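Everything on this sheet refers to the single structure shown next.
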Amino acid sequence: MRSAVRLAWAPVPPGTPRRETAWATLRSLPPDGVELTQGCPRCGGPHGPIAVAGAPARVSVAYAGAYAYVAVADERVVSALGVDAELEVDPVRDAAGLAGVLGPGSSPSVRAWTRVEAVLKADGRGLHVDPTRVRVDGDGEGWSAHVDGGGVFDGWDADGPDDVLVSVAVRAAPEERAARATP
């Protein structure tokens, strides 16, 4: 399924809203003529999942440091997609710490967090789901994750600029799952 996902990142110019950079990068990837819309299902604000009209595509966006990261996948192969990116060293995050975010007594790595957040984005409920409800197994070459009430996702750690960790999570489309299950 990795071959069905296209990743890109772009620097956000100073003074430019990062969403503008992300959307320009997204528009450079899918087929021409797509329309992107974004509206929070809870409040209607300009955040939350991005919807695509005009092409069979799934998209996901993340931000880390001065970069916008985007992922685009063919929805005939991938029915859910999430990407997350984090600076490997972030003084603000590091001062607050990650202790406890994946359960009492946990002190996850930044990599563990990018995997969990990519899964929660692919799940579609984001941080409305307690991150402790995500279980990730495997390594960077390929890992899987289970979300209580959300099912199973496949994932991998992707390339990005130096000092940025990027993780991608997907769920195969029903036809793809059926093809993979057939010997």
Side-chain angles (χ1 to χ4, degrees), residues 1 4-9 12 17-23 25-26 29-30 34-53 57-65 67-73 75 78-88 90 92-94 96-104 106-138 143-158 160 164-173:
M1 277 188 294
V5 177
R6 293 167 49 198
L7 296 168
W9 62 86
V12 177
R18 62 188 192 171
R19 182 174 178 232
E20 285 182 21
T21 300
W23 283 45
T25 306
L26 277 172
L29 293 179
V34 300
E35 181 180 330
L36 303 173
T37 57
Q38 188 174 30
C40 175
R42 288 170 182 76
C43 74
H47 54 267
I50 299 171
V52 179
R58 298 277 178 190
V59 301
S60 184
V61 172
Y63 304 98
Y67 287 91
Y69 301 82
V70 301
V72 176
E75 72 178 10
V78 172
S79 66
L81 171 65
V83 64
D84 190 50
E86 295 282 341
L87 294 171
E88 197 164 1
D90 178 340
V92 173
R93 180 202 59 231
D94 295 345
L98 289 173
V101 298
L102 296 182
S106 72
S107 185
S109 67
V110 175
R111 173 61 74 199
W113 178 249
T114 63
R115 291 174 181 171
V116 167
E117 189 148 11
V119 169
L120 290 174
K121 287 179 177 184
D123 175 72
R125 296 177 288 170
L127 291 173
H128 291 282
V129 173
D130 183 344
T132 64
R133 295 177 57 195
V134 179
R135 187 178 65 250
V136 177
D137 299 302
W143 42 268
S144 64
H146 180 270
V147 181
D148 291 348
V152 178
F153 298 86
D154 294 316
W156 64 93
D157 301 332
V164 176
L165 303 177
V166 181
S167 295
V168 179
V170 298
R171 176 183 290 135

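Given the structure is predicted, the values throughout are model-derived calculations rather than measurements.
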Legend entry - Side chain proximity check, T37 to I50, heavy atoms < 4.5 angstrom: no
Inset, instruction - Sequence neighbours left out, what passes side-chain contact (heavy atoms from CB on, under 4.5 Å) with A8? Give chain and number order. - result: T25, L29, V70
Inset, instruction - Using the test side-chain contact (heavy atoms from CB on, under 4.5 Å), find all partners of R58 that sit at least two apart in sequence or belong to another chain. - result: E75, L81
Legend entry - Shortest non-hydrogen separation from R171 to V152 and the atoms involved: NE-O, 3.6 Å
Inset, instruction - Taking the side chain as every heavy atom from C-beta outward, state whether V83 and W9 have any atom pair closer than 4.5 Å. - result: no
Inset, instruction - Taking only Lys NZ, Arg NE, NH1 and NH2, and the carboxylate oxygens of Asp or Glu, determine whether R115 and D157 approach each other closer than 4.0 Å. - result: yes
Legend entry - Student check: side-chain heavy atoms of T21 and R18 closer than 4.5 Å: no
Inset, instruction - With the side chain counted from C-beta on, respond yes when Q38 and W23 share a heavy-atom pair under 4.5 Å apart, and no when they do not. - result: yes
Legend entry - Minimal non-hydrogen separation, P131 against L127, with atom names: CG-CD2, 4.0 Å
Legend entry - Separation between CZ of R111 and CD of E86, rounded to the nearest 0.5 Å: 10.5 Å
Legend entry - Gap between atom CH2 of W143 and atom CH2 of W156 - 0.5 Å precision: 8.5 Å
Legend entry - Exercise: identify the closest heavy-atom pair between R93 and L87: NH1-O, 2.8 Å
Legend entry - Nearest non-hydrogen partners of A85 and A62, listed with the distance: N-CB, 3.6 Å
Inset, instruction - Heavy atoms only: give me the nearest A118-D84 pair and the separation to one decimal. - result: N-CB, 3.8 Å
Inset, instruction - May I ask you to decide if A169's main-chain N or O and K121's side chain share a donor-acceptor pair within less than 3.5 Å? - result: no
Legend entry - Nearest-0.5 Å distance that lies between atom CZ in R133 and atom CG in L120: 9.5 Å
Legend entry - Test side-chain contact (heavy atoms from CB on, under 4.5 Å) applied to F153 and D123, V134, V168, the passing residue: D123
Inset, instruction - Verify the distance criterion only: is there a donor paired with an acceptor across the side chains of D154 and S144 at less than 3.5 Å? - result: no
Inset, instruction - Could you pull out the closest heavy-atom pair between G82 and A122, with the gap in Å? - result: N-CB, 3.6 Å
Legend entry - Straight-line distance of D90 CG to L165 CG, nearest 0.5 Å: 11.5 Å
